[in-house]
Structures are given as structure tokens and as C-alpha cells.
Protein chains: 2
Amino acid sequence: MTEPKTPEVAATRAPAKKHARDGKPNATIYDIAKVAGVNPSTVSRALTKPGRVSAKTQKLIEDAAAELNYQVNPFARALPTGRTNTFGLIVADITNPTFFDIIRGAETTATLRDYTLVLAESAESAVTELTAARRMMATVDGLILASPRMNDDDIRRLARDKPVVVINREVDGVPCVVPDVNKGISEAVRSLAANGHTKVAFVAGPPQSWMSARRWDGVQAACEWSRLEAVRLESTKPTVDGGRQVARDVRASGATAVLTYNDLLAIGLMQELQAAGMVVPDQISIVGFDDIFGADFTTPPLTTVRSPLGKCGAGAATLLLDLLHGAGEPAATLRVETELVLRGSSGRLLPAG
Amino acid sequence: MTEPKTPEVAATRAPAKKHARDGKPNATIYDIAKVAGVNPSTVSRALTKPGRVSAKTQKLIEDAAAELNYQVNPFARALPTGRTNTFGLIVADITNPTFFDIIRGAETTATLRDYTLVLAESAESAVTELTAARRMMATVDGLILASPRMNDDDIRRLARDKPVVVINREVDGVPCVVPDVNKGISEAVRSLAANGHTKVAFVAGPPQSWMSARRWDGVQAACEWSRLEAVRLESTKPTVDGGRQVARDVRASGATAVLTYNDLLAIGLMQELQAAGMVVPDQISIVGFDDIFGADFTTPPLTTVRSPLGKCGAGAATLLLDLLHGAGEPAATLRVETELVLRGSSGRLLPAG
DNA sequence: CTGAAAGCGCTTACAG
DNA sequence: CTGAAAGCGCTTACAG
């Protein structure tokens, strides 16, 4: 005869591998239910929406949870609800200081509101960016795109799936956070005018940059107001190196003051001009944009139009969170102020001699 | 008579809220199974471990998946397996440039190996750091701690739960990635000796900093070798401001060359010394540590001992991923080389006069 | 206020 | 090679 089958004793299925590599696996609401002597669904209620459970039961459950060192399993929670308490932030370049404060601002408000921040980088590529965004969409409740490189339609398409907030760019129908350049620029231009400058050059950023266009607009308007002549110069790339390369065009332009698309360009430009023997600001004034980390390391320290990047990050996160919780208008644009930070690289023009 | 109950027609439960805010919810493996005419479990196999399914079925399933624009639900996947394809990185300060390249290095290798990076910041607080770490542990497969502030035991405790890799510090029993300071320091000290310096000062970092201690050790050893006198000075904080504040001690020390715990200190020190009329490097040589972003913005640009921070981030991520996939030794320490980056802030001492 | 049950979308032993 | 079933740990309508 063959051995009798005894299904009752059949090997129980091996439990899924637990996180803990030693000893106790994480406690579940079932463990709590057992200890507290209630149904698991009651535990779930007590833990998610206090108030629906009697004070007594609530306490029982909380004590049991504490005793067992209970931690919810976010995946188990996400599965039925679809909510993850996580949002994504995609930046063009993690090592570009422009994004540091944005990241910090977003991270801080995320943590404050009990959300987790997931970070990805597009390496300045629209394709990489879109791929990263699509990928993230699966695991986050919402997405922040800082200075996105992809086109408006792609952004709107993403925004149909889940809340998306854009920083440093305006996209129709999508909530955005953008620094309003006008105040900072007019302060800068007025300061230059007061110091005797009559012709200013603007060194532009990448052609596709939405922000570069806004800044050039602002410079033109402010110059018109102050009766200064404004000329626009192109850069090869928005970096220190690009700043060096544009130096000869700047000299050729005859301008005695320069505003650049960003601080990196300003720093490179200043280095190159100084290497050629020019004295800043006696012979030429230089004004950057953003007030990045390191802008005051130069000699003279850089005058710049500061964008409140940290505020942008925090504002975007707040907007997103509000959207997720049903508050806030769908597609409001949040404008944050810019301001002139007057340092040593701009000032009075000395008479030639 | 009461109405007869017709359980078959009982209202079906409302489906959980879907991600998509408009139209089609995401396709599931059940949808694919239907289209491909196979069992969902077969779909799962085809999608996770190709090779266990006949080529024909495989193709059928892949086509269906493509057609339905299928995306796995990471939460559903994580629940039975416990694996999330995510790892965490905790840094002390998101706006400290030392971490930029670490973050980038980690992010790049994560993405390359199909992992997602979750970022958190401890704001230089050991408590916040531990909280963030515990919190992350629930959702990641492993954790990277960059320059952690918590104590060794807490780190080891975390490491018992899931793989943990530490950067910029050595913790017994935990895999670490640390820059080996000796090469860079001895290059720096030899260069100073060759330029006629005989007494060098080291401006230390925070007392609890493991790395500061290593650097001071290295400076002492290298000075002994080159027969230079080495003195140690304390700083109040490892920032530009801290560098300014230590300037008077530096002058009082009589040293003609200074190595500082980090570049920020070096930059602040240089600014203050120059403001007092000293010429760098003619009257004093300054050497920083790390080669952070902006170290070359100064005039003269900063000589510094570069730590390959990007490599640290990437190395830590690789170590972690290997650990997660069962390769690699449990607690190996990965050492990366440092090197001197010779720029203008160090050089020959000019005879006084 | 609380219990019992179904379901979220996967994975994976177990049979065949 | 493939199907049928159980289970991962939660949440939430449905009853009472």
C-alpha cells in the first residue's frame, strides 16, 4: 500500500521572505487584533481614522501597537487605496546648484506633511525626463517637474493621470510656480542706471529656455523704462565655460554693464574679463541671476537677481499636497518675488583713463 | 410579504479609486491574460522571469502587454515579495555641496540598475536622521547613509534589518565607502614643503566628525615625513563663516600654510585673510578638502584635496545592490583614492618685505 | 461602535 | 510549460 495522504499535515507554504533578516518579522494588524482582542478591521480603523472607534478600544489598540512596535506596511496600504504618500521630483541636473534649494524646499515640506520625496534626474534630456516621469507616475501620488525640458503636451498628458506641478515654467492648464522676474530686474537696472551706465548687454540662456525669454523680456522693459540701451547676446551653454566664451562678444558690444541668464555665466564671464585685465566693477558691471551657492565666493562677490528657489520647491510641494487633498484651484500659477542682491561685481563706472 | 432578497443582484462594491483621473484605469495582468488567452499566473511568469514560458506564449503576452500599455503595479508586486526595487539615501544636508555628487552618483547607478532612489535629509541632527532612517526602512530594500550623525550602535541596529552602506565613515560590521585621505594629503604636504613652507596649520572640523579625525591624522603623518611642523586649530563650524572666524587663530599660529577640514572653511578663511590685506599665496598658502562646486570660483582658485564623491555615491549604491542580490562580502570597506588638485591658493612663500 | 468578508494586483509553491 | 489557488497586509462598504 502506498503511504496514506494526510492533507492536514501537508507542508504549509513557506511564508514570504520577511524584511527582518534576524528574528521577529514585522507585526501586522492581525497581531494587534489578537493582543487587543478585537477584529483586524477595527484595528485598521483605529489606526487610520481615530474617532470612529470607542476611546477604550482605541487605547487598547494603541497600546498593543506600541508594544508590538507596529509599523504599517505602506505597500499593503497602497494596494487597496491607490495612495502612496509619496511624491516625485524631477530635476534637470542634480549637480546644478539652481536645484539644490528647490530640492530642499520640496523635501522639507514633504517630510513636514508626512510625505516621502522620490528624486530623479533627467540629465538635461527631454527623453530621459519623460521616461523618468512615466516611471515615477506608477509609485507616487503626484509629481513636481523643476525646469522641465519636455514639451507642453507631454506635461499636460502626465497631468491628466495625476497631479503635476511645474517649477520655473508656465504650462497652460497645469499649476506652476514661477519667480516673477520683474521686481528683481527693475531693481538691478535702476541700480545700473544710477551708477552711470547707459548700455547694458543681456547674455541669454538656452534657446528653449522659457525662463531665459522671460528674463530678456524683463531686461528690455526695465531698460526702456530707465532709458538705457539693451542688447542681447547669445551664449553657447549656460555654464561657467559658456560665460568665458561670451566674453569677447561682451567687449565687442560696447556695453558697460552685463546681465546674464544665470550666475554660472556671470562667474565665467567675470573670470575671463579679469584674466584679460579688466577691473570689475570699475570698468564693467556684472549681474547674475539666481544667487546660487558660491555666487559670493568670487572676487568681487557677484551681484545677482535672487530667485527664492527654496520657496519655489516648498510652494510647489504645498500646491501639490493641496491638490491631493482636494483643496486649491486646479491650475493656479504661484508667483514668487525676485530681488536684487547687491554685491561687489556691479557699481559705478570709473571714467576711462 | 417583504421583498425577496436577491443576493445575486446585490450592489457590487464600488471599485477602489483608480489612479487615472480620466478614462481607462491601468491594465492588470488579468487584462493581459484575457487578451492573450492564458492564465494570469502565466502572464506573471512571462513578465518576471522570461524563459519559464514557451516562446510562443511569451510573445503573445508581450504583445498583449504592449497593446494594453501595461505597467506593473509596484505595490502589488512588493506585497507578496517584500522587494521594492527602491533604496534610500540619507544625507546630513541637502544644500551642502559635498553631498551633491554623492547623490548624483547614487541616483545614476540606481537608475542604471532599475532601482529608484528615495532621498531624505537629517538636517545635521542625529535624531532626525534616525527617524528618517526608520521610516525609510519600511519602504526600501536597502539604505545608504552619507556621513551619518547617529552613533555606531544605531547604524548596526538598522543594518540588522536590511542592508545598509555607510559613506564617509567606518562602522565596524557594516559595509562602508571611505575616501582614503593619505595619497591626497601627502601630495599636498609635499607640495607645500617643496615651496618652502615649514609650519602648517590644520583647521579641524566638528569634534564628532570621523572624517576630520582621519584628516588630522593624515596631516600629522605627512608633516612628520616631510619634517614640517604641524599645529591643529579648532573651528566653530565647518562653513564659510567658520573659516572667517578662525582667521585670527591662523595668523596667531605663525603657520605659513593651512589645510582646512573642508573647502568651505578654506574659502571663508581666504576671504577674511584677503580682507585683512594678506596676499594668497604669496604670504600664506591655503589648501581645502573635497573640491566642492565653487572651489574654483575664488581668486585665486582654491587648491584642494579632492575626494571622489561621485564615486563614493556610485560605489555605495553598487555595494548595496550587490548585497541585495546576494553577491559581495557582507562588510567589506571600499576605499577610494583622494588626489591633490593644485590651483592658485597655494604656492611659494615670498620673502617678507 | 464593531465584526465578517471581499478585494486591491501581484507572486509562487503545487500539481499536472 | 501552464493552470488553479492561496496568500502578501491592508481598507472599506455592508450589516448589525
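Numbered from 1 within each chain, the chains take letters A, B, ... in sequence-line order. In this text, all values refer to a predicted model and were calculated from it rather than measured experimentally.
Between the side chain of B:Glu129 and the backbone N or O of B:Ser122 there is no donor-acceptor pair closer than 3.5 Å. With hydrogens and angles ignored, the 3.5 Å screen pairs a side-chain donor or acceptor of B:Arg135 with a backbone N or O of A:Asp114. At least one donor-acceptor pair under 3.5 Å links the side chain of A:Asp31 to the backbone N or O of A:Thr28.
The phosphate of C:dT2 has neither OP1 nor OP2 within less than 4.0 Å of any side-chain N or O from A:Asn39.
The CG atom of B:Leu60 sits 16 Å away from the P atom of D:dC1 (whole-angstrom rounding). Atom P of nucleotide C:dA5 and atom CD1 of A:Ile29 are separated by 15 Å, given to the nearest angstrom. Here the P atom of nucleotide C:dG9 and the OH atom of B:Tyr70 are 10 Å apart, to the nearest Å. As rounded to whole Å, 14 Å separates atom C1' of D:dG9 from atom CZ of B:Phe75. Put simply, CG on B:Leu47 is 9 Å from P on C:dC10, counting in whole angstrom units. If you take CZ of A:Arg83 and P of D:dG9, they are 22 Å apart, rounded to a whole angstrom. In this entry the distance linking CG of A:Asn73 with P of C:dG9 reads 17 Å, nearest Å. With rounding to whole Å, B:Arg77 atom CZ is found 19 Å from C:dC8 atom P.
Applying side chain to side chain contact (heavy atoms under 4.5 Å, CB included) to A:Pro175 and the options A:Val164, A:Thr333, A:Val165 leaves one that passes, A:Val165.
One can find a donor-acceptor pair under 3.5 Å joining the base of D:dC10 and the side-chain atoms of A:Tyr30.
Of all nucleotides listed (C:dC10, D:dC1, C:dT11), D:dC1 comes nearest to the side chain of B:Ser54. Relative to the side chain of B:Thr81, the nucleotides D:dC10, C:dG9, C:dT12 differ in distance, and C:dT12 lies closest. Residue B:Thr42 places its side chain closer to D:dG3 than to any other of D:dC10, D:dT11, D:dG3. Residue A:Ala76 places its side chain closer to D:dC10 than to any other of D:dT11, C:dA4, D:dC10. Relative to the side chain of A:Pro80, the nucleotides C:dA4, D:dC10, C:dT2 differ in distance, and D:dC10 lies closest.
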In a table with atom names and distances, give each donor-acceptor pair under 3.5 Å that connects a side chain of residues 136-147 of chain B to protein atoms at least two apart or in another chain.
unit_1	atom_1	unit_2	atom_2	d
B:Thr139	OG1	B:Met136	O	3.2
B:Asp141	OD1	B:Thr84	N	2.8
B:Asp141	OD1	B:Thr84	OG1	3.0
B:Asp141	OD2	B:Thr84	N	3.2
B:Asp141	OD2	B:Asn85	N	2.8
B:Ser147	OG	B:Asn168	ND2	3.2

Per-pair distances, 0.1 Å, donor-acceptor, side chain in residues 39-48 of chain B, under 3.5 Å, sequence neighbours excluded:
unit_1	atom_1	unit_2	atom_2	d
B:Asn39	OD1	B:Ser41	N	2.8
B:Asn39	OD1	B:Ser41	OG	2.8
B:Thr48	OG1	B:Ser44	O	2.7

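Ranked by how close their nearest DNA chain D nucleotide is to the 5' end, A:Arg45 and A:Thr28 are led by A:Thr28. Take the nearest nucleotide of DNA chain C for B:Ser44 and for A:Thr57: the residue whose nucleotide is more 5' is A:Thr57.
A tilted orientation is assigned to the rings of A:Phe87 and A:Tyr115, their planes being inclined by 30° to 60°.
Taking a pair as Watson-Crick or G-U wobble with both distances under 3.5 Å, the runs of three or more consecutive pairs in DNA chain C are C:1-3 with D:14-16, C:5-12 with D:5-12, C:14-16 with D:1-3.
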